[in-house]
*Asks:* 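Quick one: the structure is below, and I'll ask about it shortly.
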Amino acid sequence: MSKKVVIVGGVAGGATALARLRRLKEDANIVLFERGEYISFANCGLPYYIGNVIENRDSLLVQTPEGIMERFDVDIRIKSEVIKILRDEKKVLVRNLVTNDEYEETYDYLILSTGSTPIKPPIPGIDSPNIFSLWNIPDTDAIKSYIEKEKPRSAVVVGGGFIGLEMAENLYELGIKVSVVEMLDQVMAPLDNEMAQIVHEHLKNVGVDLRLKDGVSRFDYKDGVTTVTLQSGNTIDADMVILSIGIRPNGELGREAGLEVNQRGGIVVDKYLKTSDDYIYAIGDVIEVEDFVNKTQTMVPLAGPANKQGRIVANNIFGEKEEYKGTQGTSIAKIFDLTVANTGTNEKTLNRLGKVYREDYFIALIHTNSSVGYYPGALPMTIKLIYDKEGKILGSQIVGYKGVDKRIDVIATSIRFGGKVSDLRELELAYAPPYSAAKDPVNMIGYVADNQLKGDVNIAIWKDLLELDKDTVILDVMEDDEREKGHIKNSIHIPLGQLRGRLGELDKSKRYIVYCAVGLRGYIASRILKQRGFEVKNLAGGFTTYKIMFCQNNDGNCIGLEEGPMVFSDSGVQKLV
């Protein structure tokens, strides 16, 4: 007797499960309910349709209900909302949103792919007519129509996550002046602070008005303009507002049916994606998953994992028994000309879990080029790698202009296979001058991390400069012309080429932090000093990272180290020497 599988919700997870179920069992009875009218659309492409990068709206529709029903011989019912699960009877109660009629549908197995919904906090004025969220096709149509009819000249994007920044870019490209308001001290939460600072600098350089550490207290609408009042008391007038504050799982259906849920309302599943009911599975944004790296429970709303979960659930329903082995959160975003990517865990998560830098994990950070410098088109890239004391890779973040995607994918693959930093060093990756270097950036970050683990070099990070004592000396090994353009206050200066001949000027009773422009010459200098009995660390990322961290205020002056090291520069930074 054929099994009947009911799926609640489409898009990435539900549509994938449907297709896999049919491929596995030609005689299965498959029914999919979707409360909207679009069951499979490219939600990641929505900002780019609004910005006219994607010109054809139909390109966003991966499959139509009619097309799927014809191809897979399934029953798809759009504008039909499942409002209740009758677990004891193995039925769902469905409301036809066109006629408002209600009826029951039986199932042998039920798959919940109910997704998530944008958070809309109770901020006064949040229902103003020119305030929008972006999550689905109707949202997209509303924003697109508003822009075409009203021709707004200014916009405020509330929230600096992936969708918020993608919307900021696309609105900006339409000629709209954009402000981004973020309550946290950085955009792009998966990034650690020093990597996010690169994004901040880029946003400001292209002309985005970035407001950090400042939430919204109220919206006031009048004559087509909304005044956004921030918690600081500052105000921004905007012709339209995009809310990108975050999302919440649509777990109410499961919770009301008595399924186990977590504190956020996400449905709890086992390693086979089965809920606390043996006949109900759940996938996608609505479920709690295992963090692949940290082995803790988390929620990660990404299309890739949802697709994989849909396939796995179909396999498990028809007896193949496949485990979902966790989500490592690999993601990438285009932020104007910049590409931002991450995989695995970050320092913030490790610290929240009680892990301590140098005791439980290490980091390596390099500034490199996407390809060899002598070939036209090489562009800068910053890579951060996080790894444990045994060298196992825990996570990585990359910010750059070119070739970021392939580097993050190599590292993501290494994490999935339990790779170590020594593996990155040994990888044989494709090389030709237009694409890479003989030592690919992935190899280079592996060398840097491996050198630290072996004790060939000790690393100082930018935070260490906030806790200097009188016995620590900062040694600048850049060339004279480089130092004139910018350096750290109170550092001593010995160019690398002169270091061996001037060792007598250094005091072995002191501790040294060496820096150059990006870290390579600092590494060479630290090897020289270490082998001559000095206690020395090389500053990760060199002066480039230092500038990123301490020259980010609005007037171009350096901040953060009023009593300690400060930057000097003849190019826009206040000169204090």
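Values below: every heavy atom of this structure, side chains too, minus hydrogens, waters and symmetry copies.
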*Asks:* Does the side chain of T106 pick up a donor-acceptor pair with the side chain of K4 at under 3.5 Å?
*Replies:*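 Yes, side-chain donor-acceptor contact under 3.5 Å.
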
*Asks:* Do V225 and D223 have side chains that get closer than 4.5 Å, going by heavy atoms?
*Replies:*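 A side-chain contact under 4.5 Å is absent here.
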
*Asks:* Ignoring hydrogens and angles, tell me if any N or O in the side chain of H367 forms a donor-acceptor pair with the backbone of P380 under 3.5 Å.
*Replies:*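 No; zero donor-acceptor contacts below 3.5 Å.
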
*Asks:* Counting N and O atoms only, with roles assigned by atom type, does the side chain of S217 sit under 3.5 Å from a partner on the main chain of T229, one being a donor and the other an acceptor?
*Replies:*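 Yes; at least one donor-acceptor contact below 3.5 Å.
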
*Asks:* Counting N and O atoms only, with roles assigned by atom type, does the side chain of D291 sit under 3.5 Å from a partner on the main chain of Q297, one being a donor and the other an acceptor?
*Replies:*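 Answer holds: no.
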
*Asks:* Between R248 and E252, does any NZ, NE, NH1 or NH2 come within less than 4.0 Å of an OD or OE carboxylate oxygen?
*Replies:*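 Salt bridge between E252 and R248, a charged N being under 4.0 Å from a carboxylate O: yes.
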
*Asks:* Output all residues satisfying side-chain contact (heavy atoms from CB on, under 4.5 Å) with F132, sequence neighbours left out; order by chain, then residue number.
*Replies:*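 Residues passing side-chain contact (heavy atoms from CB on, under 4.5 Å) with F132: A142, I143, Y146, M240, I242.
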
*Asks:* What distance do T327 atom OG1 and K308 atom NZ have between them, rounded to the nearest 0.5 Å?
*Replies:*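 It comes to 9.0 Å.
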
*Asks:* Are any side-chain N or O atoms of S128 and backbone N or O atoms of I131, one a donor and one an acceptor, separated by less than 3.5 Å?
*Replies:*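 Not confirmed, S128 side chain does not pair with I131 backbone.
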
*Asks:* Any salt bridge between D220 and R218, counting N to O under 4.0 Å?
*Replies:*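 Counted as a salt bridge, because a side-chain N and a carboxylate O are separated by less than 4.0 Å.
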
*Asks:* So which heavy atom on G284 is nearest to which on A306, and how close?
*Replies:*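 Nearest pair, atom of G284 first, then A306: CA-CB, 3.9 Å.
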
*Asks:* Residues two or more places apart in sequence or in another chain: which of them pass salt bridge (Lys or Arg N to Asp or Glu O under 4.0 Å) with K271?
*Replies:*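 Scan of K271 (salt bridge (Lys or Arg N to Asp or Glu O under 4.0 Å), adjacent residues dropped) gives E323.
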
*Asks:* Within a strict 4.5 Å, meaning less than it, do heavy atoms of the I312 and N316 side chains meet?
*Replies:*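 Answer yes - side chains close enough.
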
*Asks:* Tell me yes or no: between the side chains of Q231 and D214, is some donor less than 3.5 Å from an acceptor?
*Replies:*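 No, no side-chain donor-acceptor pair sits under 3.5 Å.
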
*Asks:* With a 4.5 Å cut-off on side-chain heavy atoms, are V74 and L32 touching?
*Replies:*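 The answer is no; the side chains never approach within 4.5 Å.
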
*Asks:* Can you tell me how far apart CG (L385) and CG (L394) are? Round to the nearest 0.5 Å.
*Replies:*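 Result: 8.5 Å between the selected atoms.
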
*Asks:* Has the side chain of K402 got a donor or acceptor atom that lies under 3.5 Å from a matching backbone atom of G377?
*Replies:*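 It does hold such a pair.
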
*Asks:* Return yes if some donor-acceptor pair links the side-chain N/O of K144 with the main-chain N/O of Y49 below 3.5 Å, else return no.
*Replies:*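 Yes, K144 side chain to Y49 backbone: donor-acceptor pair under 3.5 Å.
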
*Asks:* In chain order, what residues pass the salt bridge (Lys or Arg N to Asp or Glu O under 4.0 Å) check against R23, with sequence neighbours excluded?
*Replies:*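 For R23, no residue satisfies salt bridge (Lys or Arg N to Asp or Glu O under 4.0 Å) once neighbours in sequence are set aside.
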
*Asks:* Name every donor-acceptor pair, under 3.5 Å, that has one atom in a side chain of residues 150-166 and the other anywhere in the protein, sequence neighbours excluded.
*Replies:*
{"residue": "K151", "atom": "NZ", "partner": "E148", "partner atom": "O", "Å": "2.9"}
{"residue": "S154", "atom": "OG", "partner": "D239", "partner atom": "N", "Å": "3.1"}

*Asks:* Nearest 0.5 Å, what's the NZ-CD distance between K213 and Q186?
*Replies:*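 CD of Q186 is found 11.5 Å from NZ of K213.
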
*Asks:* Going by atom types only, do D277 and T275 share a side-chain donor-acceptor pair under 3.5 Å?
*Replies:*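 Note: D277 and T275 side chains miss the donor-acceptor criterion.
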
*Asks:* Any chance the side chains of N234 and R211 put a donor and an acceptor closer than 3.5 Å?
*Replies:*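 Looking only at side-chain atoms, R211 and N234 do not form any donor-acceptor pair under 3.5 Å.
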
*Asks:* May I have all residue pairs that pass side chain to side chain donor-acceptor pair (under 3.5 Å) and include part of residues 174-184, sequence neighbours excluded?
*Replies:*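 Of all non-adjacent pairs touching residues 174-184, those that pass side chain to side chain donor-acceptor pair (under 3.5 Å) are S179-D209.
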
*Asks:* Have S133 and D139 got a donor and an acceptor in their side chains that come within less than 3.5 Å?
*Replies:*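 S133 vs D139: no donor-acceptor pair found between side chains.
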
*Asks:* M549 versus N193: any side-chain heavy-atom pair under 4.5 Å?
*Replies:*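 Touching, per the 4.5 Å side-chain cut-off.
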
*Asks:* Decide yes or no on side chain to side chain donor-acceptor pair (under 3.5 Å) for N307 and T16, but give the supporting numbers first.
*Replies:* CA-CA 6 Å; N307 272 285; T16 298; 2.6 Å; yes

*Asks:* Mind checking whether V8 and L253 have side chains closer than 4.5 Å, heavy atoms only?
*Replies:*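 Yes, close enough: below the 4.5 Å cut-off.
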
*Asks:* Taking it one step at a time, do V340 and M188 satisfy side chain to side chain contact (heavy atoms under 4.5 Å, CB included)?
*Replies:* CA-CA 9 Å; V340 180; M188 308 285 287; 3.7 Å; yes

*Asks:* Between V241 and L243, is the side chain to side chain contact (heavy atoms under 4.5 Å, CB included) condition met? List the steps.
*Replies:* CA-CA 6 Å; V241 175; L243 300 177; 4.2 Å; yes

*Asks:* Do any pairs count as a side chain to side chain donor-acceptor pair (under 3.5 Å) and have a residue in residues 333-347, sequence neighbours left out, and if so which ones?
*Replies:*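 Residue pairs with at least one partner in residues 333-347: E169-K334, N294-T345, Q328-T343, T330-T343, S331-N342, N346-T349, E347-Y361, E347-K384.
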
*Asks:* Rounded to the nearest 0.5 Å, how far apart are OH of Y281 and CG of L273?
*Replies:*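 Spacing of OH (Y281) from CG (L273) equals 9.0 Å.
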
*Asks:* How close do R20 and A314 get, heavy atom to heavy atom, and via which atoms?
*Replies:*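 Taking R20 first and A314 second, the nearest heavy atoms are CG-CB, 3.4 Å.
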
*Asks:* Between the side chain of T114 and the main-chain N/O of N250, is any donor-acceptor distance below 3.5 Å?
*Replies:*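 Such a contact is found between T114 side chain and N250 backbone.
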
*Asks:* Under 4.5 Å between any side-chain heavy atoms of D285 and P249, yes or no?
*Replies:*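 Counting from C-beta outward, D285 and P249 never come under 4.5 Å.
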
*Asks:* Between E81 (side chain) and I83 (backbone), is there a donor-acceptor pair under 3.5 Å?
*Replies:*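 No, the answer is negative, given that no donor and acceptor are paired below the 3.5 Å cut-off.
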
*Asks:* Is a side-chain donor or acceptor of R407 paired with a backbone partner of S370 at a separation under 3.5 angstrom?
*Replies:*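 Looks like yes, one N/O pair under 3.5 Å.
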
*Asks:* Kindly say whether L191 contributes a backbone atom to a donor-acceptor pair with the side chain of K348 at under 3.5 angstrom?
*Replies:*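 Between the backbone of L191 and the side chain of K348 there is a qualifying donor-acceptor contact (under 3.5 Å).
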
*Asks:* Output, in order, the C-alpha distance, side-chain angles, deciding distance and verdict of side chain to side chain contact (heavy atoms under 4.5 Å, CB included) for I386 and L350.
*Replies:* CA-CA 10 Å; I386 305 171; L350 291 174; 3.7 Å; yes

*Asks:* Is K90 positioned over the aromatic face of Y279, cation under 6.0 angstrom from the ring centre and no more than 45 degrees off axis?
*Replies:*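 Positive - K90 is close enough to the ring of Y279 and near enough to its axis.
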
*Asks:* Please determine if D27 and K3 form a salt bridge, counting it only when a charged side-chain N lies under 4.0 Å from a carboxylate O.
*Replies:*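 Judged by the 4.0 Å cut-off on N to carboxylate O distance, D27 and K3 do not form a salt bridge.
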
*Asks:* Before accepting this row, confirm whether a basic side-chain N of the pair E105/R77 lies closer than 4.0 Å to the acidic partner's carboxylate O.
*Replies:*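 Judged by the 4.0 Å cut-off on N to carboxylate O distance, E105 and R77 do form a salt bridge.
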
*Asks:* Take V92 and K84, measure what side chain to side chain contact (heavy atoms under 4.5 Å, CB included) needs, and give me the verdict at the end.
*Replies:* CA-CA 6 Å; V92 292; K84 191 173 184 180; over 6 Å; no

*Asks:* Nearest heavy-atom pair of E104 and L93: which atoms, and what distance?
*Replies:*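 Scanning both residues, the minimum pair turns out to be CG-CD1, 4.0 Å.
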
*Asks:* Please round to the nearest 0.5 Å and tell me the distance separating atom CD1 of I415 and atom CZ of F292.
*Replies:*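 Interatomic distance, I415 CD1 to F292 CZ, rounded to 0.5 Å: 8.5 Å.
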
*Asks:* Can the ring centroids of F336 and Y172 be said to lie less than 6.0 angstrom from one another?
*Replies:*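 Under 6.0 Å, so yes.
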
*Asks:* For a 4.5 angstrom cut-off between non-hydrogen side-chain atoms, does T117 reach W135?
*Replies:*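 The answer is no, as the side chains (C-beta and beyond) never meet within the 4.5 Å cut-off.
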
*Asks:* With rounding to the nearest 0.5 Å, note down the distance linking CG in D101 to CZ in R95.
*Replies:*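 Rounded to the nearest 0.5 Å, the CG-CZ separation comes out at 10.5 Å.
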
*Asks:* Using side-chain heavy atoms (C-beta onward) and a distance below 4.5 Å, is N29 in contact with V5?
*Replies:*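 They are not in contact (no side-chain heavy atoms under 4.5 Å apart), so the answer is no.
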
*Asks:* Without hydrogens or angle criteria, can the side chains of N205 and E201 be said to hold a donor-acceptor pair below 3.5 Å?
*Replies:*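 No donor-acceptor contact under 3.5 Å links the two side chains.
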
